[in-house]
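Comments concern the structure below.
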Amino acid sequence: MLDPKFLRNDLEQTALRLASRGYTLDVELINQLEEKRKVLQVTTESLQAERNSRSKEIGQAAKRGEDITQIRAEMNVLGEDLERAKEDFALLAEEIKQIAYNMPNLPHESVPVGTDESGNIEILKWGEPKQFDFDVKDHVDLGEALGGLDFKSAVKISGSRFIVMQGQIAKLHRALAQYMLDLHTNHHGYTEMYVPYLVNADSLYGTGQLPKFGDDLFNTNPATEEGIGMSLIPTAEVPLTNMSRDMIYDESDLPLKLTAHTPCFRSEAGSYGRDTRGLIRQHQFDKVEMVQIVHPEKSFEALEELTGHAEQVLKNLGLPYRKMVLCTGDMGFGATKTYDLEVWLPAQGQYREISSCSNVGDFQARRLQARFRPTGAKKPELLHTLNGSGLAVGRTLVAVLENYQLADGRIEIPQVLQHYMGGLSHIG
RNA sequence: GGUGGAGUGGCCGAGUGGCCGAAGGCGCUCCCCUGCUAAGGGAGUAACGGGUUUAUAGCCUGUUCGAGAGUUCGAAUCUCUCCUCCACCGCCA
């Protein structure tokens, strides 16, 4: 959620910046609503103030033994007026809130302007795509031939966009997650977390999945804003970032750097027909997530650092990748700036997203009421939150299978993983 | 799942209809006293929102005592629903 003050003071400017990411802000409508809001709120509150003070008088009069039937009759009338004003105000406030909740974050000045992914800009390329002297197979063929990827069983058990892994491939998948977690905790300063996979609606509002992106979630019954139902996490960003909800940290506690390995569940509504083959787009996939909760002045610095941590995983695995800065039109809802890391997939002959690292600024923190008290200061201030995949485990498995395949269909195991595979150097 | 108890400020804890945004204590900040340490004395110390304003200063004002709804001129206090925690019983990885 944006600072409501933007809606009052910097409306034109805000509209302009939102337009760069394809969001049209109805300036005139908001001006009208704000005008009404101001009047309604002031009248409501002054009625309230009058009732408060006169109710106090009644108490004192009653204590002195005076007759209060007259004044109580007046208060009944005032009460009705107040009731009406309150209702009108609540209605209007709700309308404004809906607009506010559905407005995306403002992009940072350094973000290139564009309408879709074609406007993203490559920042760097790391590693050379390997030249194969045989016809490369994709991860589906490789995994099935090795008996490690079982799409048929997954369809039987659950449906499409699920996977059953078996044997050494299942172990390799686990090794990847393990390795990432160890790297981030031992070398990058993150605290390992184990978190719930089912979360309540408050948490989803906090990180911005609700109200706008409810269709992407898997829910338990009845699962609505007010309901008791819970949702499966679409990313560990939700539980990790919500750690800071309703908290006031000491400045000396910052930054908080959290990481967790969790499954992620996404309904993928609206992506029918896209990436139907293989592990690229699944309803359930594992991810090692990094979250940082930082001082507002440090968040862009932290974004560079956090992205670097994700890059380090790719480097250590020897997987060629490129780093993209997303343009205004392709960024996620809450992001002020996002780097995507794309790994080279030889079978597709292209780079595919494997990590997305965003500085969310105070956008989530405002909803979360995630604050800190600057040393020596009285007033708490909003924190900034960041999140990034470090990395998506399933897609990393894809990348390892495809990049490390040998002519005979075996898979070489990257150096850093061999220790996690009991010293094994090859699969198959 | 059953029965009983409880949720109040950074923390502990009082408070059964108006004098309560809330006693007292701890903690914290500032000041005084003290040769050092320890002890002592005094003052201050919730968050969020609206209006006014150059102002995150001041002033006016609203909301918040687990959440929501209700009763009432008036609710931390009474009623209902829900959530959470604690104890015991049952069940269980």
Side-chain angles (χ1 to χ4, degrees), chain A residues 1-10 30-31 33-97 99-101 194 196-206 220-231 242 244-254 295-297 362 364-383:
Chain A
M1 186 160 60
L2 293 177
D3 190 335
K5 290 193 172 67
F6 282 139
L7 292 184
R8 289 168 206 153
N9 309 330
D10 291 319
I30 292 183
N31 272 331
L33 291 175
E34 266 303 310
E35 203 59 35
K36 270 200 259 176
R37 192 221 93 234
K38 206 167 177 172
V39 174
L40 256 178
Q41 185 161 358
V42 169
T43 53
T44 305
E45 286 185 1
S46 59
L47 280 170
Q48 185 73 255
E50 189 181 345
R51 195 190 70 178
N52 287 347
S53 66
R54 297 195 66 183
S55 287
K56 229 165 221 178
E57 286 169 19
I58 292 179
Q60 286 158 359
K63 187 155 282 178
R64 291 190 299 265
E66 292 167 19
D67 180 31
I68 56 172
T69 48
Q70 170 69 28
I71 188 167
R72 276 181 60 167
E74 288 169 30
M75 290 302 284
N76 279 325
V77 176
L78 189 136
E80 281 168 31
D81 289 348
L82 177 61
E83 212 48 49
R84 251 195 311 278
K86 267 185 175 171
E87 274 171 35
D88 291 349
F89 178 63
L91 234 57
L92 185 67
E94 179 60 27
E95 193 176 344
I96 293 173
K97 192 178 110 185
I99 294 174
Y101 262 118
Y194 174 85
Y197 303 159
L198 284 164
V199 295
N200 58 33
D202 283 345
S203 292
L204 293 161
Y205 271 98
T220 63
N221 297 329
T224 56
E225 296 89 288
E226 290 92 43
I228 341 144
M230 295 193 282
S231 302
N242 269 279
S244 66
R245 173 145 56 90
D246 295 325
M247 296 288 276
I248 300 179
Y249 294 99
D250 286 337
E251 186 169 357
S252 57
D253 294 336
L254 305 177
H295 190 287
E297 284 164 19
D362 63 11
Q364 289 174 331
R366 184 167 295 106
R367 298 184 180 204
L368 292 162
Q369 284 303 300
R371 292 169 293 169
F372 75 105
R373 206 180 297 276
T375 318
K378 275 206 310 205
K379 286 255 174 204
E381 289 178 27
L382 290 175
L383 290 157

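Residue numbers begin at 1 in each chain, while the letters A, B, ... track the order of the sequences.
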Checking N1-N3 plus N6-O4 or O6-N4 for Watson-Crick, or N1-O2 and O6-N3 for wobble, each under 3.5 Å, the partner of B:A75 is none
With rounding to the closest Å, how many angstrom separate the P atoms on B:G17 and B:G13? 23 Å
A:Pro380 has its side chain closest, among B:G62, B:G74, B:A47, to B:A47
Comparing A:Ser53 with A:Met75, nearest RNA chain B nucleotide closer to 5' gives the residue A:Ser53
When rounded to whole Å, the CD to P distance for the pair A:Gln48 and B:C73 reads 15 Å
When both distances are under 3.5 Å in a Watson-Crick or G-U wobble arrangement, the nucleotide paired with B:U52 is B:G58
Atom NZ of A:Lys86 and atom P of B:A69 are separated, to the nearest Å, by 10 Å
Nearest-nucleotide check on RNA chain B, A:Gln369 vs A:Arg72; residue mapping nearer the 5' end is A:Gln369
Checking N1-N3 plus N6-O4 or O6-N4 for Watson-Crick, or N1-O2 and O6-N3 for wobble, each under 3.5 Å, the partner of B:U63 is B:A47
Looking only at heavy atoms, the pair that brings A:Leu47 and A:Leu78 closest together is O-CD2, 3.9 Å
Whole-Å distance, A:Glu83 CD to B:G70 P, equals 8 Å
Here the distance between atom P of B:G74 and atom CD1 of A:Ile58, to the nearest Å, is 8 Å
When the P atoms of B:U3 and B:C11 are compared, how many Å lie between them, rounded to an integer?
32 Å
For A:Phe89 and A:Arg37, the nearest pair of non-hydrogen atoms, with its separation, is CE1-CG, 4.0 Å
CD of A:Glu251 to CG of A:Leu383, rounded to nearest 0.5 Å, is 10.0 Å
To the nearest angstrom, the CG-P distance between A:Asn76 and B:U71 comes to 12 Å
Close side-chain approach of A:Lys97 and A:Glu94, heavy atoms under 4.5 Å
yes
Report task. Return yes if a side-chain donor-acceptor contact under 3.5 Å exists between A:Gln48 and A:Arg51, otherwise no. Result -> yes
Exercise. With no angle test and no hydrogens, is the base of B:G49 tied to the side chain of A:Glu45 by a donor-acceptor pair under 3.5 Å?
Worked result: yes
### Under 4.0 angstrom between A:Arg37 side-chain N/O and B:G50 OP1 or OP2
no
The Watson-Crick or G-U wobble partner of B:G40, with both key distances under 3.5 Å, is B:C32
Here the distance between atom P of B:G49 and atom CD of A:Glu94, to the nearest Å, is 18 Å
message = Measuring only the P atom in each nucleotide, how far is B:A76 from B:C91? A whole number of Å is fine.
response = 44 Å
Considering only heavy side-chain atoms of A:Asn52, the closest of B:G18, B:G50, B:U63 is B:U63
With rounding to the closest Å, how many angstrom separate the P atoms on B:G4 and B:U81? 14 Å
*asked:* Looking only at the side chains, is there a donor atom on one of A:Ser203 and A:Asn200 sitting less than 3.5 Å from an acceptor on the other?
replied: yes
Under a 3.5 Å limit on both distances, the Watson-Crick or wobble mate of B:A87 is B:U3
B:C20 -> Watson-Crick or G-U wobble partner, both distances under 3.5 Å, gives none
Any strand, both distances under 3.5 Å, Watson-Crick or G-U wobble: B:G68 pairs with B:C80
Closest of B:U72, B:G49, B:G18 to the A:Gln41 side chain is B:G49
Here the distance between atom C1' of B:U53 and atom NZ of A:Lys38, to the nearest Å, is 12 Å
Taken to the nearest whole Å, CZ/A:Phe372 to P/B:A47 is 15 Å
| said: Students often get this wrong, so: under 4.0 angstrom with heavy atoms, is A:Arg371 touching a base, only sugar-phosphate, or nothing? | reply: sugar-phosphate
